[in-house]
There are 2 protein chains.
Amino acid sequence: MILNVDLSGEVPIYQQLRDQIVEAIAEGVLIEGSLLPATRTLAADFGINFHTVNKAYDLLRRQGLIRLNRKTGAVVTTTVAAPPFPSEWTARARTLLAEAVARGLPADEVLTTCRSLLDSFVTPREDTP
Amino acid sequence: MILNVDLSGEVPIYQQLRDQIVEAIAEGVLIEGSLLPATRTLAADFGINFHTVNKAYDLLRRQGLIRLNRKTGAVVTTTVAAPPFPSEWTARARTLLAEAVARGLPADEVLTTCRSLLDSFVTPREDTP
DNA sequence: CTACTTGTTATATAAGTTATAGAACAAATG
DNA sequence: CATTTGTTCTATAACTTATATAACAAGTAG
């Protein structure tokens, strides 16, 4: 997995890490059982503090996307979204889609973009018999 | 237009205001030429500081969604998204959609949700002859 | 013209967030 | 037992958020 951190960007570093790991999971680059680098290792790779990586991992853990074990490190776990998540997610999607429409992007183009993005995620977890 | 502000929420107040105004524009509740309340008025309505409202309006102005005139106040302006916007938006959409997929929401359900949201926005600006 | 309403700008302050730093603890592995 | 890993604690600097007060600037209405 390739992570890219923009240290001088507007988005907090821990959020960038979280987002990219979430995307890697969606893409199938990270699957159930995949091991993430140790916090100190990842921090050293980017020249950042390991507390910052810790914060990203803690976010992912609270969202049920990884499990943290001593010595084993962070392991990706695929769980099904808990009840409050879908409606919260929809609210956020509403805001993001509204922004696109308000700024003049045609609704059908927006939907096409969403479809493309989703298609790029859908990873064949099932074997072809 | 009905605005709702959660003073003790995680999302900054100025962001909540911005988001809700963006959604109102997408919904067609606010259309080109609609006047927003004066910053001091809106601030008084919610018992917040007018600088906070100012920040929300300034964000909207920089995104080309409203124009600010002295005495006239804030006026909604429908503009077409500038070049950097679509790709930036797509990047944000990618992150949000990835989160849904990573947390186990079926891709087709996610797309359906997006379609529903977009449908709820599409407002007939053209007259029916 | 004067008064009022509006956005604009400036300064200050308190609380919270982000990132860094160093240290120490706790558990699992080899 | 030593090492590696996450966990917890304290501290600090820079930035963000929200508030407060004050003054300025430009339109509009009387």
Side-chain angles (χ1 to χ4, degrees), chain A residues 1 3-22 30 33-77 79 92 95, chain B residues 1 3-22 30 33-77 79 92 95:
Chain A
M1 179 182 45
L3 292 178
N4 242 322
V5 174
D6 177 8
L7 298 180
S8 57
E10 302 173 337
V11 183
I13 300 174
Y14 77 91
Q15 184 97 40
Q16 294 183 44
L17 290 174
R18 191 217 74 120
D19 288 351
Q20 288 182 43
I21 292 170
V22 166
L30 293 177
S34 297
L35 270 76
L36 296 180
T39 53
R40 286 168 175 87
T41 307
L42 198 50
D45 287 353
F46 294 117
I48 60 177
N49 195 276
F50 78 95
H51 286 115
T52 306
V53 179
N54 210 344
K55 192 165 182 178
Y57 279 17
D58 190 56
L59 257 178
L60 291 164
R61 182 188 57 76
R62 278 186 284 155
Q63 296 174 337
L65 289 170
I66 65 177
R67 233 170 331 123
L68 295 170
N69 303 313
R70 294 177 198 262
K71 190 61 183 174
T72 317
V75 188
V76 174
T77 68
T79 55
R92 276 191 286 152
T95 302
Chain B
M1 181 182 46
L3 293 178
N4 242 322
V5 174
D6 178 8
L7 298 181
S8 57
E10 302 172 339
V11 183
I13 300 174
Y14 76 92
Q15 184 97 40
Q16 294 182 42
L17 290 175
R18 191 218 74 121
D19 289 350
Q20 289 181 42
I21 291 169
V22 166
L30 293 178
S34 296
L35 270 78
L36 296 179
T39 53
R40 288 168 174 88
T41 307
L42 198 51
D45 288 353
F46 293 117
I48 61 177
N49 195 275
F50 79 94
H51 285 116
T52 307
V53 178
N54 210 345
K55 193 165 182 179
Y57 279 16
D58 191 56
L59 257 178
L60 291 163
R61 182 188 57 78
R62 278 187 284 156
Q63 295 173 339
L65 289 169
I66 64 177
R67 233 170 333 123
L68 295 170
N69 303 315
R70 295 181 197 257
K71 190 62 186 175
T72 318
V75 187
V76 175
T77 69
T79 54
R92 278 190 284 152
T95 303

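Letters A, B, ... are given to chains in the order of the sequence lines, protein chains preceding strands, and every chain is numbered from 1.
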Pairing residues for B:Arg61 by the side chain to side chain donor-acceptor pair (under 3.5 Å) criterion, not counting sequence neighbours: B:Asp58
Among residues at least two apart in sequence or on other chains, which ones pass side chain to side chain donor-acceptor pair (under 3.5 Å) with B:Asp45? none
For nucleotides 7-10 of chain D, list the nitrogen or oxygen atoms of the protein found under 3.5 Å from its nitrogen or oxygen atoms, one pair per line.
| residue | atom | partner | partner atom | Å |
| --- | --- | --- | --- | --- |
| D:dT7 | O4 | A:Arg40 | NH2 | 3.4 |
| D:dT8 | O4 | A:His51 | NE2 | 3.4 |
| D:dC9 | N4 | A:His51 | NE2 | 3.0 |

Start and end of the DNA chain C segment that chain B contacts, any atom under 4.0 Å from a heavy atom: C:dT5 to C:dA10
B:Lys71 has an atom NZ; how far is it from atom C1' of D:dC24, in whole Å? 16 Å
How many whole angstroms separate atom CD1 of B:Ile48 from atom C1' of D:dT17? 12 Å
Report the residue (B:Thr72 or A:Asn49) whose heavy-atom-nearest nucleotide on DNA chain C is the more 5′ of the two. B:Thr72
Proximity to DNA chain C (any heavy atom under 4.0 Å), residues of residues 6-16 of chain A only: A:Pro12, A:Ile13, A:Tyr14
Contacts of [X] that satisfy side chain to side chain contact (heavy atoms under 4.5 Å, CB included) - sequence neighbours left out:
X: B:Phe46; value: B:Leu3, B:Val5, B:Leu17, B:Leu42, B:Ile48
X: B:Ala38; value: B:Thr41
X: A:Gln63; value: A:Arg18, A:Leu59, A:Leu65, B:Glu99, B:Arg103
X: B:Thr79; value: B:Thr77

On DNA chain D, check which nucleotide each of A:Leu36 and B:Gly47 is closest to and give me the residue with the more 5' one. A:Leu36
Evaluate the side chain to side chain contact (heavy atoms under 4.5 Å, CB included) criterion for residues A:Arg67 and A:Thr72: first the C-alpha distance (whole Å), next the side-chain angles of each, then the deciding distance (0.1 Å), finally the verdict. CA-CA 10 Å; A:Arg67 233 170 331 123; A:Thr72 317; over 6 Å; no
Return each pair, listed once, that meets side chain to side chain donor-acceptor pair (under 3.5 Å) where at least one residue sits in residues 46-55 of chain A; pairs must be two or more places apart or across chains. A:Asn49-A:His51
Any B:Lys55 side-chain nitrogen or oxygen under 4.0 Å from OP1 or OP2 of D:dT17: yes
Determine all donor-acceptor pairs shorter than 3.5 Å in which one atom belongs to a side chain in residues 7-15 of chain A; sequence neighbours excluded.
| residue | atom | partner | partner atom | Å |
| --- | --- | --- | --- | --- |
| A:Ser8 | OG | A:Asp6 | OD1 | 3.3 |

State which residue, out of A:Leu35, A:Ile21, A:Val22, fulfils the side-chain contact (heavy atoms from CB on, under 4.5 Å) condition with A:Leu30. A:Ile21
Just how far is it from atom CG of A:Leu36 to atom OH of A:Tyr57, taken to the nearest 0.5 Å? 4.5 Å
